[in-house]
Each structure stands twice: as structure tokens, then as C-alpha cells.
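The next block holds one structure in the form of C-alpha cells; read it before the comments.
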Amino acid sequence: MSYAKVLCVGLVGVTGHVVEVEADLAPGLPAVVISGLPDTALHEARDRVRAAVVNSGQRWPNRRITLNLLPATMPKFGSAFDLAIAVALLGGSGELPLLPLERVVILGELGLDGTVRPVRGVLPMVAAAARAGLHRVVVPVDNAAEAAVIPGVRVRAVDTLHRMVGFVRDGTPLIEPPGAAPAIGPDGPDLAEVAGQALGRRALEVAAAGGHHLALFGPPGAGKTMLAERLPSILPELDDDAALEVTALHSVAGLLPAGGRLLRRPPFQAPHHTATAASLVGGGSGLARPGAVSLAHRGVLFLDEAPEFGKRALEALRQPLEHGRVQLARSRGGTEYPARTQLVLAANPCPCAKPAGDAYCECAPQARRRYLGRLSGPLLDRIDVQVTLPPLRAAELMETDASGESSATVAARVAAARRAATDRWAGSGWRVNAEVPGPRLRQPPWRLPERDTRELRGRLDSGSLSARGFDRVVRMAWTIADLDGRERPHADDVREALQLRMGDGA
């Protein structure tokens, strides 16, 4: 037999596609040709596979070998095809009977000594195989726990090419995946540790309940960073669909922790202010990798000292914030990653970072305006909640009794508000109020009475509020009503939402 075929999976972004790996061995001058739009790592597979086959005690066929990856029009990236290529090649040379691998997906990178090494993106690959009706997969042993997360798929693992050959030829059992790792309870900072800042706490709770973006302004030490870091602690755990999305993104990025668990806690990303646009929204040659905004999908992206970020990096966030996804175009094709995240910005009032309006401030008014002006109007227009925190007083800082509510207490109210929103928008695909399109809220039966939106309409007519801002205030009003247990918002809810949108000067 001079022809063989096995199955593998290739990734485009976070979406997997089943790939048929064909091997044809023909008489002629010995050579290895790989076709099917392979990248550099895949081109180099011929050298890795040859060394792995020989060092595993198998005979290398001295014939003209053509390897084809179907569909040929889809770009192929990475080293996850190595093990499938080796098995197909040995099957085509007559060394292996491939009947045991009928409708089996094979994933893995090969070392020169024949070891099977882990690869990125195994979880979305196995999920793609399951969607295609392929329910048996062979993966590297270090990826077995991750692959076993997908229900309905029989996962077996290998640590060497020699073990794989023994399974196909002699029926030697493969390695069973480990049992599910125990769930880890939520940990991290608690909201009770934040001194004072009633306004900041309320803004954080509203943002969490409705999935709204948040900007915190104020002097150093007011608690901006502490509040932002505690936002994940009051968010509900991810449901199954969201957990699979988030875990798949971290798998593609190679950031999935050991243990093979689904990521149930909302992710938290806090890049340094020197981060580039590519690191925030994604990039790289060949297959563009997900950036911080995608790794924070269904969680929180926190930009501390936001005015210190590069203008290009900040402006690159505008489209993901609006559409909830990132589309990256490259010469070899486009890639799309989900980016439904909550953005939290924190900024001092001026470059010298001394209390606003205080006699100690060394900044001229122009310098203050120029500093905050680094956050452009179009970017801030997409931030629902914008509040200015006052400096902490000594009495608040030295309070011995914990007067602030804990994260668990606030999280219970947030969860109840989100359940109310989920019930309201059931069947629409919207999870939180921040995802509801503005036109939907301006139409019956969701349109608010004119008497409740009179001040809001006045702001729009005077130009102090944009149409986008109008819709975001209305969404926040619904969130406030959900937090307070009311079916519909009234004038006071709209007024509070407007104050949270416009800062403390509304």
C-alpha cells in the first residue's frame, strides 16, 4: 500500500476544522513534499518526523513522499500535525495497519527522539472534532486532561511515537486521561478591604450587574486600583458555554493552567501601560494570537494609569468594545476572536498626581486637560460608568470595624440582578443589559415614559450627551432597577444612571 490517510484538526483563530492528512509514497528520488498551505513550522515537520520515526526504531521509506493536508485552501499553522503525519507516512509504507485509526483524530508534536509533546489549542480542536461527529481522539499525554473536558469524546493519550505504533500494530493500550481536577474556590482580594468610597462601590456594583464599562478617576490612594482588582470577585461564575469559550481562548494562547479544568472564574487581565496595540487586541505573523482584550473575554480588562498607554493602543480598543469581537486581517487570511469584556480604566487627574484642586498640585490647567485628553472622546463615549473618587479621609482609612460589605454580599445582589436581566432577554442571546441594542430599548414595550427621561432628553438636545451615551444611560437605568428588585426603571433610576455616566457633576 502506498497511500494512507488519517485525521487531524487545524485551528483558524479559535475555530477548529477537521483536516485530512494524506500520505502518498511513489518510486523516485527520495524527497518529502508537503502541500496544503503549510506554515514554516509545518514545513519543518518533515525533518522532525524523519528523526522521530528513525529514533523510534521504525524504518524510514526511501521513496518520494507527498504529504497533503485537506482542505488544501485552508492555511495550516503549527506543529500539531506531526504525529498524524508520522502515522500516515508509516501507514502508506505498509508498516502500520490503519484500520484501528478509522475516524480517530490524532494530535501532537514530535520531538527528535520520538516523544510526543503538548500543543496549544487542544480544547477547541477536540471540540471541533466532536462537532464533526468524531468521538475518538489521541492527544499528547500533557494535553489529556484538557481534552477530556469536552463531553462525549473518548480521549486517549500518548507520550511517544513508539507507544502509538504499538497501539496500532499490536493493540497495546494507550494512556487514560487523568480524573477531573477538583474545583478551586474563588480567592483573591475582597471588597471588604476597600476603605470608604461609597460612590466607587456603587459604581462597581452597577458595572458588575449590567456588564458595563467603568472609568475611575481620582487622586493616588483613593482606591481606584483596589476597586478594579475586586470587580472579578463580585461577578458570577461562568456558565458552561462561557467557560468553554474562555478556556478555549486560553488554550490557543498557551496560558491554560495545568489540571485540565474549565475556567469558571471570570478572567482578569491587567497589561502594563507600555503594552502595544497588538498585545491588546491580538496580532503576530501567520496565525494572529489573541490579545489581552480577548483573553479577558467574559471577564475584566483593567488599564491602570490609562493616560500612560499609547494612543494607538487605546484607540484600537474602540471596535472590540462596540462589537464584542476582534477581527484581525493578515495576508494569509483573517482571524476572529471573541472580546466581550468589561473595560475598566483608572486615571489620576493630572501628571503630578496630587489631589485635584489642592494647593500642592504643580500642574497648569492646560497640562491637566492635556493629560486626561489622552483618553479620546470616542473612547470615553463607550465607557458607561465614569466617576471621580474623592480623596480618602483619615477617619475612613483608620476605621477598625469593617464597615464595607464583603464581595460575597455584593456578589449575591449582582447575581440576582443578572438573573432578572437574563429572564427579561431570554431567547435573544443577550446575557446582560450592556449587550442590549439601543434601538430595542427605545421601542415598546421597553421604551421608558417621557416623564422619566425628560432630563436625559435635555442632555441629548443640548449636546452634552451623545446618542450612544443616551442608550448607555438607559441600559444602566435598567441595571439599577434590577439591583433594586423592580421590574422597570423610573425617573430616580434614570437620574442615578445619568450621574454615574456624567461623573459627580451631573
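We use all heavy atoms of the structure for the numbers below, so side chains are in, but hydrogens, waters and symmetry mates are not.
- By the neighbour-count criterion of 12 heavy atoms within 6.0 Å, atom CD of Glu450 is sparsely surrounded, having that number or fewer from other residues, nucleotides or ligands.
- To the nearest 0.5 Å, the span separating CG on Leu262 from CG on Leu123 amounts to 7.0 Å.
- Here the side chains of Glu205 and Arg201 are not in contact, with every heavy-atom distance at 4.5 Å or above.
- Side-chain atoms of Arg368 never come within 3.5 Å of backbone atoms of Cys363 as a donor-acceptor pair (strictly under, hydrogens ignored).
- For the residue pair Glu308/Tyr371, the side-chain donor-acceptor check at 3.5 Å is satisfied.
- Using modelled atom types, one side-chain atom of Ser233 and one backbone atom of Arg230 make a donor-acceptor pair closer than 3.5 Å.
- For the atom pair OG of Ser294 and CZ of Arg289, the computed distance is 13.0 Å after rounding to the nearest 0.5 Å.
- Taken from CG in Leu379 to CG in Leu345, the straight-line distance is 6.0 Å, to the nearest 0.5 Å.
- Heavy-atom neighbours of Glu435 CD from other residues, nucleotides or ligands within 6.0 Å: above the threshold of 12.
- Side chains of Leu448 and Pro489 form a contact here, defined as non-hydrogen atoms less than 4.5 Å apart.
- The pair Arg501-Asp381 counts as a salt bridge, with a side-chain nitrogen and a carboxylate oxygen less than 4.0 angstrom apart.
- Closest approach of Ala243 and Arg264 over heavy atoms only: CB-NH1, 4.0 Å.
- Between Pro351 and Ala367, the shortest heavy-atom distance links the atoms CD-O, 4.1 Å.
- Pairing each heavy atom of Ala467 with each of Leu460, the nearest pair is N-CD1, 3.7 Å.
- Listed here is the closest heavy atom pair of Pro124 and Ser251: CD-OG, 3.9 Å.
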Exercise. Give the intermediate values and the outcome of side-chain contact (heavy atoms from CB on, under 4.5 Å) for residues Met74 and Leu37.
Key: CA-CA 7 Å; Met74 186 187 84; Leu37 294 183; over 6 Å; no
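- Atom CZ of Arg447 sits in a sparse spot, with 12 or fewer heavy atoms from other residues, nucleotides or ligands closer than 6.0 Å.
- In this structure, Val206 and Ile480 have side chains that are in contact, with non-hydrogen atoms separated by less than 4.5 Å.
- Evaluated for a salt bridge (Lys or Arg N to Asp or Glu O under 4.0 Å) with Asp482, the options Arg418, Arg424, Arg488 yield exactly one hit, Arg424.
- For the pair Glu455/Val494, no side-chain contact is recorded, criterion being any heavy-atom separation below 4.5 Å from C-beta on.
- Ser466 places a side-chain N or O within 3.5 Å of a backbone atom of Gly469 that can act as its donor or acceptor partner.
- At least one donor-acceptor pair closer than 3.5 Å links the side chain of Thr247 to the backbone N or O of Leu263.
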Practice problem: Check step by step if salt bridge (charged side-chain N to carboxylate O under 4.0 Å, His left out) holds for Asp142 and Arg117. | Solution: CA-CA 7 Å; Asp142 290 340; Arg117 301 180 180 275; over 6 Å; no
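- Defined by atom type and a distance below 3.5 Å, a donor-acceptor pair is missing between the side-chain atoms of His213 and Gln342.
- When side chains are defined from C-beta on, Leu303 counts as touching Pro271, because their heavy atoms get closer than 4.5 Å.
- Under 4.0 Å is where a charged nitrogen must lie from a carboxylate oxygen, and between Glu405 and Arg413 at least one such pair does.
- At least one donor-acceptor pair closer than 3.5 Å links the side chain of Asp190 to the backbone N or O of Ala192.
- The shortest non-hydrogen separation linking Arg475 to Gly438 is NH2-N, 3.4 Å.
- One N or O on the side chain of His250 and one on the backbone of Val246 form a donor-acceptor pair closer than 3.5 Å.
- Across Ser406 and Leu191, no two heavy atoms sit closer than the pair C-CB, 4.3 Å.
- Atom CZ in Phe470 sits 7.5 Å away from atom CZ in Arg442 (nearest 0.5 Å).
- Using a 4.5 Å cut-off on side-chain heavy atoms (C-beta onward), Gln269 and Phe302 make no contact.
- Between the side chains of Trp425 and Asn433, a donor-acceptor pair is found at a separation under 3.5 Å.
- Counting heavy atoms from C-beta on, the side chains of Arg431 and Asp239 come closer than 4.5 Å.
- Judged purely by atom type and a 3.5 angstrom limit, Gln327 has no side-chain atom pairing as donor or acceptor with the backbone of Glu336.
- For Lys76 (side chain) and Leu69 (main-chain N/O), a donor-acceptor pair under 3.5 Å exists by modelled atom type.
- The backbone N or O of Arg325 sits nowhere less than 3.5 Å from a side-chain atom of His323 that would complete a donor-acceptor pair.
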Practice problem: Any chance you could lay out the salt bridge (charged side-chain N to carboxylate O under 4.0 Å, His left out) test for Glu322 and Arg472, step after step, and finish with the verdict? | Solution: CA-CA 12 Å; Glu322 196 74 16; Arg472 291 180 181 272; 3.7 Å; yes
Could you pull out all donor-acceptor pairs under 3.5 Å where a side-chain atom in residues 220-228 meets a protein atom, sequence neighbours excluded?
from, atom 1, to, atom 2, distance (Å)
Lys224, NZ, Gly218, O, 3.0
Lys224, NZ, Pro219, O, 3.0
Lys224, NZ, Asn348, OD1, 3.3
Thr225, OG1, Asp304, OD1, 3.4
Thr225, OG1, Asp304, OD2, 3.0

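- Sparse packing is recorded around CZ of Arg312, with 12 or fewer heavy atoms of other residues, nucleotides or ligands lying under 6.0 Å away.
- The shortest distance between side-chain heavy atoms of Leu500 and Val473 does not fall below 4.5 Å.
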